[in-house]
2 protein chains.
Amino acid sequence: MPTKNQIYLDNAATTALDPRVLEAMTPYLETYFGNPSAVHSHGRQVRTAIEKARKQVAGLLNVTAGEIFFTSGGTEADNTIIHGAVQSLGLKQIITSPIEHHAVLHAAEKCAQLNSIPLRLLEVDQNGNLDYNQLTQWLEKEPDSLVTLMHGNNEIGNLIELKSISEICQEKGAFFHSDTVQTMGHYQHDLQSLQVQSIVGSAHKFHGPKGVGFLYIKKPHKIHPLLVGGSQERNMRGGTENVYGIVGLAKALSLAYEEMDSHKTQILGLKKLFIEKLSKALPEVSFNGASGDLEHSLYTVLNVCLPASKKNEGMLLFNLDLHGISASGGSACSSGATLGSHVLRALDSSAERESVRFSFSRYNTTSEIEEVVKVLSELYLEKL
Amino acid sequence: MPTKNQIYLDNAATTALDPRVLEAMTPYLETYFGNPSAVHSHGRQVRTAIEKARKQVAGLLNVTAGEIFFTSGGTEADNTIIHGAVQSLGLKQIITSPIEHHAVLHAAEKCAQLNSIPLRLLEVDQNGNLDYNQLTQWLEKEPDSLVTLMHGNNEIGNLIELKSISEICQEKGAFFHSDTVQTMGHYQHDLQSLQVQSIVGSAHKFHGPKGVGFLYIKKPHKIHPLLVGGSQERNMRGGTENVYGIVGLAKALSLAYEEMDSHKTQILGLKKLFIEKLSKALPEVSFNGASGDLEHSLYTVLNVCLPASKKNEGMLLFNLDLHGISASGGSACSSGATLGSHVLRALDSSAERESVRFSFSRYNTTSEIEEVVKVLSELYLEKL
């Protein structure tokens with residue numbers, strides 16, 4: 001649960017572990033410790049738990065258990081599918097965008113270089129919208145492509161048109177992967193109605209434990225593993241399974257699906273309130289990407305571009321922290337985030353104005369939002 | 001802690017989480033959940049915990065904190081160093097042995113293929129001893145090599161002469177990696193007195209949590225990461241850190257070092273008792289590899305080769321399990337271990353005789369060993 005007395009608005013970086021998830025994990029921390037690969041009763045106890053978790057996740061996404069592979073997190077899942085798809089299917093081009101998470105962008109760069117194939121980045125406009133026509137054109141020239149585009153942007157909240165893109169890819173015969181780390185557990189993913197070949201999830205983004213994630217690969221695709229060394233995960237991922245992590249992931253995703261509607265309503269309400277109150281208090285603010293648009297952005301993310309201010313230049317996150325507010329500049333998923341955001345750079349965002357990402361969860365309250373708006377107003381109204 | 005009423009002798013596959021380790025992890029499961037990459041107070045709380053853990057591990061191994069990189073386990077650590085060393089240092093040959101764990105053997109095969117370099121396997125004799133002269137000869141022909149040899153064999157318990165091999169490698173200028181997963185936390189590793197460039201650890205092998213391990217890389221070696229996507233672990237491993245896992249790993253390793261002498265005495269006593277009692281009860285038994293030799297094998301592993309017996313053929317692990325005993329045939333780290341052991345095959349072990357690996361921990365007792373010998377005697381004396 002959140003630390004007391006500090007307002008936590010960095011939920012796109014990580015979320016608090018739900019106590020009900022920890023409760024589900026506890027028997028596998030305290031009592032059932034066997035190695036799931038062992039054939040004896042200690043092993044079978046935990047093997048059963050893992051396969052139950054796999055079925056739960058598969059059921060929620062409307063796929064079969066054989067299409068779900070547990071990993072150590074979203075980054076490993078993205079790295080695995082990018083290398084695996086290109087090498088196993090002999091793909092000849094990678095298409096992605098400059099505003100992807102580094103887990104995709106850097107893995108795609110590495111993979112393109114290793115396999116001596118071109119990496120193409122779709123153009124984005126100042127609001128972070130992708131050029132879908134360019135995608136079509138590139139796929140017409142080279143259909144044997146990996147297209148990897150994130151569903152919801154972790155910094156500016158933009159949602160892509162997953163269905164349209166998947167249809168373009170299907171029509172051209174490309175392999176379409178989507179990094180769904182930010183939408184998993186926050187949006188419904190019905191994979192029977194979507195032509196996406198692979199998506200990923202990271203438990204700690206939806207109130208599950210850190211150190212565990214998963215990769216969905218649509219049947220009958222078969223790709224080579226990235227981590228080899230054992231026949232775990234049906235030869236897709238060597239290494240003893242993180243049993244409590246996997247149990248926690250499934251529990252967290254189940255809870256997220258059960259309670260999605262009420263959480264969405266609550267969080268969207270907080271975001272709307274934030275936009276309204278802040279726009280009134282500081283009329284000069286704008287919102288980066290689509291994050292100010294309630295319909296076309298993640299309801300969990302608001303990226304605020306603040307007026308120029310000597311006092312806050314390079315100091316805004318620090319000033320907020322002094323006032324007991326945890327937020328992020330760009331993406332806090334990357335150590336040394338103070339280097340600045342490659343996403344905001346790709347949008348040609350003004351360098352003089354400070355941007356801060358507030359990201360919400362069901363643990364946030366109206367009074368917290370009011371407090372943050374008050375603090376921001378004070379920081380920016382005193383001696384602008 | 002171990003499940004009650006079932007004798008657990010599969011500690012080389014995984015060990016029970018020490019309740020003191022879980023206690024150390026709990027604040028990071030219940031309260032401190034921030035993303036260590038974030039600059040605000042939620043992030044700093046956990047960043048501090050991770051860096052404290054890194055210093056603890058480094059201190060125990062007598063290295064600097066900058067040489068320790070946390071991973072999702074031993075398999076990821078082995079995969080990372082094998083690919084990283086070959087690609088970053090431009091190595092031209094990989095030398096390993098046929099009795100390595102698959103995390104090394106399969107990663108080495110994949111790496112050799114990707115980089116179009118030869119993979120050479122040292123010859124082993126029937127007891128699992130390596131041919132060190134062959135190593136010297138191969139390195140004389142090609143010094144720019146990765147040598148990767150495990151310290152303690154997970155199946156047959158053989159310990160290599162780490163110091164001699166490291167000196168051969170140093171003299172010839174080769175990069176020496178050792179998979180120390182089975183000895184970490186059970187033997188002292190003083191890395192100032194050893195010319196090994198990298199070693200690995202997996203927390204769940206020494207009563208720590210699953211899903212977390214580490215890689216030591218001697219300075220000033222710099223290798224490329226395997227998982228990219230963030231600047232975590234000083235650019236060596238992308239992905240949000242498994243904070244509670246890392247805290248648990250450091251606590252488990254600290255406890256292991258503090259209590260190593262007494263645990264070693266206790267466990268070695270159990271192994272000695274097992275050998276004596278079983279040899280007396282069933283004089284036909286032999287011990288695979290060096291595991292029957294108390295001085296030259298892991299004190300935690302005993303690999304027993306049993307007399308031919310129709311009743312137990314292909315059924316021994318099942319029969320033991322029915323009697324409440326958890327043990328392993330070959331290595332249970334690999335799913336579907338019933339395929340048989342590549343290690344025993346490399347030793348030309350008799351296919352007609354069943355082999356079973358018993359592996360011990362500090363939670364085992366004298367009466368458990370006596371019970372297991374009794375059960376084995378009954379299984380083999382009735383209608384041989």
Side-chain angles (χ1 to χ4, degrees), chain A residues 1-3 6 8 10 13-17 22 29-35 37-43 72-76 78-79 101-103 106-107 110 204 210-212 227-232 238-245 317 320-321 326-328 332-338, chain B residues 1-3 6 8 10 13-17 22 29-35 37-43 72-76 78-79 101-103 106-107 110 204 210-212 227-232 238-245 317 320-321 326-328 332-338:
Chain A
M1 279 195 294
T3 321
Q6 176 92 6
Y8 186 72
D10 200 13
T14 194
T15 57
L17 188 63
L22 180 55
L29 286 158
E30 288 183 346
T31 310
Y32 304 111
F33 68 89
N35 189 313
S37 298
V39 294
H40 49 63
S41 69
H42 283 90
S72 70
T75 294
E76 185 194 315
D78 279 326
N79 276 253
H101 191 283
H102 280 152
H106 289 173
K110 189 178 168 186
H204 75 101
K210 291 180 178 65
V212 63
L227 298 182
V228 297
S231 44
Q232 289 92 350
T240 301
E241 296 90 336
N242 178 349
V243 181
Y244 16 80
L317 291 179
L320 286 171
D321 190 44
S326 291
S328 174
C333 285
S334 173
S335 280
T338 43
Chain B
M1 279 199 293
T3 321
Q6 176 93 6
Y8 185 73
D10 200 13
T14 194
T15 57
L17 188 64
L22 180 54
L29 287 157
E30 289 183 345
T31 310
Y32 304 111
F33 69 89
N35 188 313
S37 297
V39 294
H40 48 64
S41 69
H42 284 89
S72 70
T75 294
E76 184 195 316
D78 279 326
N79 276 254
H101 191 282
H102 280 153
H106 290 173
K110 188 178 169 188
H204 76 101
K210 292 181 178 65
V212 62
L227 299 182
V228 297
S231 44
Q232 289 93 348
T240 300
E241 297 89 336
N242 178 349
V243 182
Y244 16 79
L317 290 180
L320 287 171
D321 189 45
S326 291
S328 174
C333 283
S334 173
S335 279
T338 43

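All heavy atoms count here, side chains included; hydrogens, waters and symmetry mates do not.
For the residue pair B:L29 and A:L17, the shortest heavy atom distance occurs at O-CD2, 3.5 Å. Across all non-hydrogen atoms, the minimal contact from A:H101 to B:G229 is CE1-O, 3.5 Å.
The choice from B:G43, B:G245, B:G34 that makes the most heavy-atom pairs within less than 4.5 Å of chain A is B:G34. When each of B:D78, B:V228, B:L227 is checked for heavy-atom pairs under 4.5 Å with chain A, B:V228 comes out on top.
A:T15 is linked by a side chain to side chain donor-acceptor pair (under 3.5 Å) to nothing, counting only residues two or more places apart in sequence or in another chain. Scored by the side-chain contact (heavy atoms from CB on, under 4.5 Å) test, A:S72 finds A:E76, A:R237, B:S72, B:E76, B:R237 as partners (sequence neighbours excluded).
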B:D10 and A:H42: side-chain contact (heavy atoms from CB on, under 4.5 Å), yes or no, with the steps?
-> CA-CA 9 Å; B:D10 200 13; A:H42 283 90; over 6 Å; no
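Only the side chain of A:D321 comes within less than 4.5 Å of a heavy atom in chain B; its backbone stays farther off.
Side-chain contact between B:E30 and A:L22 is present, with heavy atoms from C-beta onward closer than 4.5 Å.
Panel note: side chain B:K210, backbone A:F33; a donor-acceptor pair is recorded below 3.5 Å.
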